[in-house]
Amino acid sequence: MSQWANIKAIAFDLDGTLIDSVPDLTAATNATLAECHLPEVSDALVRSWVGNGAQVLMQRALSYASSMAEDSTELQVQLEQVMPRFMHHYGEHLQQHSLLYPHVRETLQQLTQAGYKLAIVTNKPYRFTVPLLTAFGLDELFSEVLGGDSLAKMKPDPMPLQHLLQQWQLDTTQLLMVGDSKNDILAAKAANVMSIGLTYGYNYGEDIGLSEPDAVCEHFADIGKYLQS
């Protein structure tokens, strides 16, 4: 029997996996930098910074725009001051320019109809995750939604996936993690669950195959091919 045949539940990353959210993250980042009288950063740069949560994104943006070291005391003080403003601006730009990747909705619906339990495991703050899913009409497809601040630790730590295993009383062979970033694959390996890496999205300019997921897909719809094997 194929190892894929054991899968009963699937955890999905959000940004770069289901939704291209960088345009709105860029708008929020630049609105925050403008208030600090700092120059704007490009969409491409923000795309390379996404994946470790909102605070790390803003930390990288401040460092780049101000030429301060990311770990400097001065930057840390400024970061603490501007984070509420970033959160405000992102709340204002949550779904102005973001888009679903091709075939996401249809594929998720097919997986739900096939009996798989679906979860979101993202490093995006929970307060933005649910409204974004709702805006795209995806919220009812997921039985569990974990944001980057839902638990004590976020990806690449295995805690979110271990939480799902416990919550749904699953064996490690029954859960699959799907994402576009090495953080997704590292979390899956640490939790001893299977993983699929997507070649599009945001992975710091690295080939997702270098993280050695169990499978690599170029298109979201290709996930189903493995689960049917």
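The chain is numbered in sequence order, starting from 1.
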Hey, could you give me the CG/OG1 distance between D43 and T26, rounded to the nearest 0.5 Å?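 The OG1 atom of T26 is 4.0 Å from CG of D43, to the nearest 0.5 Å.
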Between Y64 and W49, ring centroids under 6.0 Å: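 Yes, they do, as the ring centres are separated by less than 6.0 Å.
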Would you find a donor on one side and an acceptor on the other, under 3.5 Å apart, between the side chain of [X] and the backbone of [Y]?
| X | Y | result |
| --- | --- | --- |
| H163 | M159 | no |
| D171 | Q174 | no |
| E35 | T32 | no |
| S181 | G51 | no |
| T129 | P125 | yes |

Are [X] and [Y] close enough that some pair of their side-chain heavy atoms sits under 4.5 Å apart?
| X | Y | result |
| --- | --- | --- |
| E212 | I185 | no |
| K182 | E206 | yes |
| E40 | L33 | no |
| L100 | L138 | yes |
| S143 | L118 | no |

Which atom of [X] lies closest to which atom of [Y], heavy atoms considered:
| X | Y | value |
| --- | --- | --- |
| L132 | K124 | CD2-CE, 3.8 Å |
| L111 | F12 | CD1-CZ, 3.8 Å |
| L164 | A119 | CD1-CB, 3.7 Å |
| V193 | L175 | CB-O, 3.4 Å |
| Y202 | I19 | OH-O, 3.7 Å |
| L94 | F128 | CD1-CB, 3.8 Å |

Closer than 4.0 angstrom, basic N to acidic O: yes or no for D13 and K155?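 Salt bridge present between D13 and K155.
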Could you check whether K117 makes a cation-pi contact with W168, meaning its NZ or CZ is under 6.0 Å from the centre of the six-membered ring and within 45° of the ring axis?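 Checked: cation-pi criterion met.
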So F86 and Y90, would you call those rings parallel, tilted or perpendicular, with 30° and 60° as cut-offs?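 Because their plane-to-plane angle is under 30°, the rings of F86 and Y90 count as parallel.
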Would the number of heavy atoms belonging to other residues, nucleotides or ligands and lying under 6.0 Å from CD of E140 be above 12?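 For E140, atom CD is not crowded (no more than 12 foreign heavy atoms under 6.0 Å).
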For E106, look at atom CD and say whether over 12 heavy atoms of other residues, nucleotides or ligands are found less than 6.0 Å away.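 Correct, the count exceeds 12.
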Going by atom types alone, do D20 and Y200 pair a side-chain donor with an acceptor below 3.5 Å?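 The criterion, which ignores hydrogens and geometry beyond distance, is not satisfied for Y200 and D20.
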Any chance the side chains of Y204 and N183 put a donor and an acceptor closer than 3.5 Å?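 Checked: Y204/N183 side chains pair up, N/O donor to acceptor below 3.5 Å.
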